[in-house]
Participant: 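Sharing a structure below in structure tokens format, with a few things to ask.
Indexing begins at 1, ligand by ligand and atom by atom, following the structure's order. Throughout, numbering of the chain's residues begins at 1 and tracks the sequence.
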Amino acid sequence: MDLAQVKKEIQFLRNELDKYNYEYHVLDQPSVSDYEYDQKMQQLIKLEHEFPELQTPDSPSKRVGGEPLDAFEKVEHAVPMLSLGNAFGEGDLRDFDRRVREGLKIDEVSYVCELKIDGLAVSLRYEDGIFVQGATRGDGQTGEDITQNLKTIRSIPLRIDQKETIEVRGEAFMPQKSFLALNEQKEKSGEEPFANPRNAAAGSLRQLDPKIASKRNLDIFLYAVGQWEAGTLTSHSDRLNYLKQLGFKTNPEWRVCKNIDDVIEYVNEWVEKRANLSYDIDGIVIKVDQLDYQEKLGFTAKSPRWAVAYKFPAEEAITTLYDIELS
Ligand SMILES: NC(=O)c1cnc(OC2CCCC2)nc1N
């Protein structure tokens with residue numbers, strides 16, 4: 001093959017592998033066997049090895065990064081990653097709704113309700129369609145650059161079909177199954193187990209060696225947009241649909257509620273259904289859907305006035321579950 005043909009072959013293999021990866025880790029609907037995936041990956045690695053000048057950082061062969069870091073660099077968030085105010089009962093939710101409607105001087109406002117994933121908030125930056133930087137929330141203004149570790153999360157696309165710069169935010173988490181398996185491993189090697197999946201996810205993303213992070217089976221749900229000059233969408237729900245269209249993993253359980261009564265119904269539904277999930281949640285996040293309303297309501301010193309986190313009572317049952325599994 002001449003260089004032009006090799007380039008085409010490499011591009012073909014990358015597109016195939018990105019597609020298989022998306023089907024398996026985002027859609028949970030693989031169209032090829034692991035064997036076929038590995039065969040194609042070996043072909044790509046071989047060609048990239050023979051033609052190093054054709055290597056690029058966004059190749060699917062580059063998910064598990066280079067050498068361990070000495071430390072994480074600091075990252076300034078272009079748009080602050082704020083924390084959420086809390087609501088602990090129906091009364092708090094109705095107070096929140098009243099403040100929102102008074103602030104907007106309207107009688108009824110629709111909300112987006114989302115499961116509150118119990119993981120680690122992270123921000124992913126894409127320039128020219130390439131995943132160039134990933135960072136922890138940190139103090140909301142300054143986070144840590146954990147790009148190499150986030151690249152190992154298979155459901156994060158290394159490329160998206162959008163050229164304008166965009167920052168997307170989400171929650172990196174460890175599925176309960178992976179958490180139990182990891183703790184069994186730690187128990188066997190006499191190491192201190194993690195107390196819960198959230199700590200396990202945080203501990204994994206704080207690993208300086210991406211090869212360790214890569215083995216922790218982390219996952220992610222994206223739920224917000226940070227910096228996006230070209231953004232023209234008018235509602236949060238449209239943004240969630242757009243993120244999914246771009247190939248991001250969004251949580252399938254979100255719902256638009258036309259008023260606070262429907263929000264309360266959704267919250268009560270998930271108090272029951274929470275136990276059947278394959279990942280931990282610690283509440284429900286409720287956001288005003290219209291982006292112009294969000295703009296109008298703005299922020300307090302540390303939280304948006306247009307969003308609140310309904311927190312479930314800390315369940316003894318969940319901790320008991322893990323204790324049972326470990327003993
Ligand atoms: N843990 C979660 O699942 C979660 C956290 N935060 C947000 O929204 C932030 C960003 C924009 C307003 C507050 N949404 C979520 N679903």
Participant: Report the nearest protein non-hydrogen atom to atom 1 (N) of ligand 1: residue, atom name, distance rounded to 0.1 Å.
Facilitator: I117 O, 3.1 Å
Participant: For atom 7 (C) of ligand 1, what is the closest protein heavy atom, and at what distance to 0.1 Å?
Facilitator: Y223 CE1, 3.4 Å
Participant: Going by ring pair (Phe, Tyr, Trp, His ring centres under 6.0 Å), name the pairs with one or both residues in residues 33-73, residues two or more places apart or in two chains.
Facilitator: none
Participant: Number the atoms of ligand 1 from 1 as they appear, then name those within less than 4.0 Å of a heavy atom of L115, with their elements.
Facilitator: 3 (O), 16 (N)
Participant: What donor-acceptor contacts under 3.5 angstrom involve side-chain atoms of residues 291-298, with partners at least two apart or in another chain?
Facilitator:
| unit_1 | atom_1 | unit_2 | atom_2 | d |
| --- | --- | --- | --- | --- |
| Q294 | NE2 | V288 | O | 2.8 |

Participant: Hey, are R94 and D261 close enough for a salt bridge, meaning a charged N less than 4.0 Å from a carboxylate O?
Facilitator: yes
Participant: Can you name the atoms of ligand 1, numbered from 1 with element, that are less than 4.0 Å from a heavy atom of W306?
Facilitator: 11 (C), 12 (C)
Participant: Between the side chains of E269 and R274, is the shortest nitrogen-to-carboxylate-oxygen separation below 4.0 Å, so that they form an ion pair?
Facilitator: no
Participant: From atom 16 (N) of ligand 1, work out which of E114, R137, M81 has a heavy atom at the shortest distance.
Facilitator: E114
Participant: State whether R99 and E102 are salt-bridged, where the test is any N-O pair (Lys NZ or Arg NE/NH1/NH2 against Asp/Glu carboxylate O) under 4.0 Å.
Facilitator: no
Participant: So, E127 and R125, do they make that salt bridge, N to O below 4.0 Å?
Facilitator: yes
Participant: Return yes or no for this condition: an N or O of K116 is under 3.5 Å from an N or O of ligand 1.
Facilitator: no
Participant: Output the list of atoms in ligand 1 that are nearer than 4.0 Å to some heavy atom of K287, sorted by atom number.
Facilitator: 7 (C), 8 (O), 14 (N)
Participant: Any heavy atom of R169 closer to ligand 1 than 4.0 angstrom?
Facilitator: no
Participant: Of the protein's non-hydrogen atoms, which lies at the shortest distance from atom 13 (C) of ligand 1, and what is that distance?
Facilitator: L84 CD2, 3.4 Å
Participant: I need the atoms of ligand 1 closer than 4.0 Å to a non-hydrogen atom of E171, numbered in the order shown.
Facilitator: 1 (N), 2 (C)
Participant: With a 4.5 Å limit on heavy-atom distance, are the side chains of T250 and Y242 in contact?
Facilitator: no
